[in-house]
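Here is the structure we will look at.
Per chain, numbering begins at 1; letters A, B, ... match sequence-line order. Given the structure is predicted, the values throughout are model-derived calculations rather than measurements.
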Amino acid sequence: MNPFHYSKPDSVQDAVHLAGPASRFIAGGTNLLDLMKENVTRPEHLIDITGLPLREVSETARGGLMIGALVSNADLAWHPLIEQRYPLLSQAILAGASPQLRNMASTGGNLLQRTRCYYFYDASVPCNKREPGSGCPARDGLNRIHAIFGASAQCVATHPSDMCVALAALEAVVHVQGRGGARSIEFADFHRLPGEAPERDNQLADDELITAIELPAAGFADCSHYLKIRDRASYAFALVSVAAALKVVGPIIREARLVLGGVAHKPWRDKAVESWLTGKAPSRETFTAAADTLLQNAEPLEHNAFKVKLARRAIVRALSDAAQGGQPDE
Amino acid sequence: MSATTPDAAQPSFARLPLGLTLNGQERQLEILPWTTLLDLLREQLDLVGTKKGCDHGQCGACTVLLNGKRVNACLTLAVMCDGADLVTVEGLANGEELHPMQRAFIKHDAFQCGYCTPGQICSAVGLANEGRAQTSEQIREGMSGNLCRCGAYNNIRDAIEEALPACMQGVGQGGGQ
Ligand SMILES: Cc1cc2nc3c(=O)[nH]c(=O)nc-3n(C[C@H](O)[C@H](O)[C@H](O)COP(=O)(O)OP(=O)(O)OC[C@H]3O[C@@H](n4cnc5c(N)ncnc54)[C@H](O)[C@@H]3O)c2cc1C
Ligand code: FES
Ligand code: FES
């Protein structure tokens with residue numbers, strides 16, 4: 001780790017005033033310290049935000065929930081209101097990392113965790129995300145865990161979060177505060193595709209702090225399921241994951257949400273497929289057709305074509321489980 | 001194993017005060033900002049029960065109880081523990097009397113080389129404090145953050161399964177007060 005200065009502000013105002021291009025906020029530290037040990041990130045100044053009053057989960061006037069940025073992943077997954085009203089989010093969080101890491105990791109930090117691309121993590125090789133303009137060895141290298149959607153010539157990395165896949169499906173809103181004031185960002189717009197600027201994972205400015213994540217009222221508690229496929233049964237990142245949420249009235253799907261994780265630079269949501277599902281009967285045929293349509297646009301690399309097949313089966317299974325009330329059919 | 005933090009001889013960086021309760025004792029320390037909790041324990045305080053396996057949050061060997069919750073000391077900055085109640089494997093026993101989880105590990109022969117064991121035991125106490133796991137399957141999943149290269153998993157699970165009820169009733173809760 002490189003030497004750095006340390007401060008611990010006790011108000012959001014002070015925190016954003018201390019922030020600059022060479023500083024980083026630190027919450028759980030589970031991603032930032034890891035990257036600092038690998039010399040991938042070398043901040044001159046760490047701003048410890050764990051003293052800020054951002055640990056509440058409260059009900060909103062609109063029937064949703066406001067989750068403070070410092071609520072730990074474990075506390076959020078086990079919060080009674082989340083378990084009752086947003087089981088998809090609980091499941092996604094509990095599918096990620098380990099119990100120790102979930103005790104440490106924060107809601108805000110989870111959104112900002114960086115890719116697990118091997119080349120990004122190895123400071124001795126080129127990587128456009130780590131060092132803009134240096135090249136992308138993953139495109140023609142070891143790309144088994146990389147993107148099958150939305151990649152660019154510059155970067156084929158994926159976003160590793162499980163929680164974010166559920167937040168995308170639930171249409172969460174990210175509340176941020178910068179020196180210039182506060183703003184809120186729709187979840188779909190928060191993370192970005194790599195394009196020409198893969199060094200930027202999201203649209204947050206250097207001085208902006210995530211203060212809260214807002215969940216809208218619709219939690220799809222009756223019919224949702226998070227399915228994560230990985231190399232071992234626990235404590236591994238997703239190769240492919242699926243957040244499926246349905247509103248089924250009588251024999252008909254009235255609303256559908258379908259978001260994939262582990263396949264793109266951001267949670268991958270296909271709204272066209274969601275609208276196609278709307279009005280159909282929930283059946284294996286319907287779900288298979290939806291998966292096939294969604295995956296038509298996949299662009300696999302040399303070593304990750306298996307993700308297309310895997311995603312197809314995972315989508316069908318997740319939607320089927322969601323339709324049956326979220327209970328995995330095993 | 002050496003510390004992964006930079007040289008202590010950094011003139012422009014002042015040492016920071018750190019006050020915490022460590023295994024029941026109040027401690028006032030001074031540390032450099034980049035010292036991890038794991039390096040503080042092992043290199044500065046000679047509490048080498050807490051092990052360094054991967055130093056990247058991937059193995060659980062460094063698990064300690066911070067305010068009753070299990071965390072990885074390798075990914076924790078020591079300075080961020082100011083004011084905390086910290087329990088390491090050295091602090092679990094009550095004098096000569098081992099913690100029920102420690103006794104169960106011995107009874108079930110829940111280790112081979114023993115390197116992962118302090119982390120396993122602290123993690124198991126943390127699991128009990130959480131109060132979520134009951135079935136054997138839930139214990140397995142709840143202990144997935146602790147790897148054992150010797151593969152003593154079955155005995156580890158058996159030990160935890162036996163000690164869990166006693167621990168969940170609050171007997172010797174490591175740092176949970
Ligand atoms: C071994 C291992 C396995 C893992 N497995 C999984 C997995 O399977 N699934 C999964 O989803 N995740 C997994 N994770 C990642 C883990 O979920 C993230 O590291 C964690 O969520 C990050 O949260 P944090 O609070 O620790 O962030 P930090 O490390 O403190 O910060 C991460 C980044 O966010 C910034 N930041 C933090 N909070 C704020 C804020 N409020 N506003 C603005 N910026 C902020 C920091 O500056 C930093 O750049 C794993 C991690 C490890 C080490
Ligand atoms: S040493 Fe901390 S998790 Fe491996
Ligand atoms: S007993 Fe050897 S690593 Fe677990």
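Note: A/D48 CG to B/L77 CG = 8.0 Å, rounded to the nearest 0.5 Å. Note that the SG atom of B/C74 and the CG atom of A/D34 stand 8.0 Å from one another [nearest 0.5 Å]. One finds the CG atom of B/L75 at 5.5 Å from the CE atom of A/M104 (value rounded to the nearest 0.5 Å). Rounding to the nearest 0.5 Å gives a distance of 10.5 Å between CG of B/L16 and NE2 of A/H5. A distance of 8.0 Å separates OG in B/S144 from CD in A/Q100, rounded to the nearest 0.5 Å.
Contact of A/L46 with chain B is made through the side chain alone, with heavy-atom distances under 4.5 Å. For B/R140, no part lies near chain A; criterion is any non-hydrogen pair under 4.5 Å. Heavy atoms of B/L127 lying under 4.5 Å from chain A are absent altogether. With a 4.5 Å cut-off on non-hydrogen atoms, A/A236 does not touch chain B at all.
Taking every heavy atom of both residues into account, B/W34 and A/N2 meet most closely at CB-O, 4.3 Å. When every heavy atom of B/G145 is checked against every heavy atom of A/Y235, the shortest pair comes out as CA-CE2, 3.5 Å. Scanning all heavy atoms of the two residues, the minimum distance from B/M80 to A/A27 falls at CE-O, 3.2 Å.
Other residues, nucleotides and ligands contribute only 12 or fewer heavy atoms inside 6.0 Å of the CD atom of A/E131. Around atom CD of B/Q138, more than 12 heavy atoms belonging to other residues, nucleotides or ligands sit under 6.0 Å away. Heavy-atom contacts from other residues, nucleotides or ligands closer than 6.0 Å to CD of A/E44 number 12 or fewer.
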(request) Check the pair B/D82 / A/K8 against side-chain contact (heavy atoms from CB on, under 4.5 Å), numbers first and verdict last. (result) CA-CA 11 Å; B/D82 193 42; A/K8 187 174 182 184; 5.6 Å; no

(request) Evaluate side-chain contact (heavy atoms from CB on, under 4.5 Å) for B/H56 paired with A/T30, printing each intermediate quantity in order. (result) CA-CA 8 Å; B/H56 288 282; A/T30 60; over 6 Å; no

(request) Kindly determine whether B/N72 and A/L101 satisfy side-chain contact (heavy atoms from CB on, under 4.5 Å), including the steps that lead there. (result) CA-CA 7 Å; B/N72 301 114; A/L101 290 160; 3.5 Å; yes

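A/N103 places no side-chain N or O within donor-acceptor distance of the main-chain N or O of B/V71, the cut-off being under 3.5 Å. Side-chain atoms of A/K37 come within 3.5 Å of backbone atoms of B/D55 as a donor-acceptor pair (strictly under, hydrogens ignored).
Remark: of the listed residues B/M143, B/K69, B/E141, B/R70, B/R70 is the sole one forming a side-chain contact (heavy atoms from CB on, under 4.5 Å) with A/P99.
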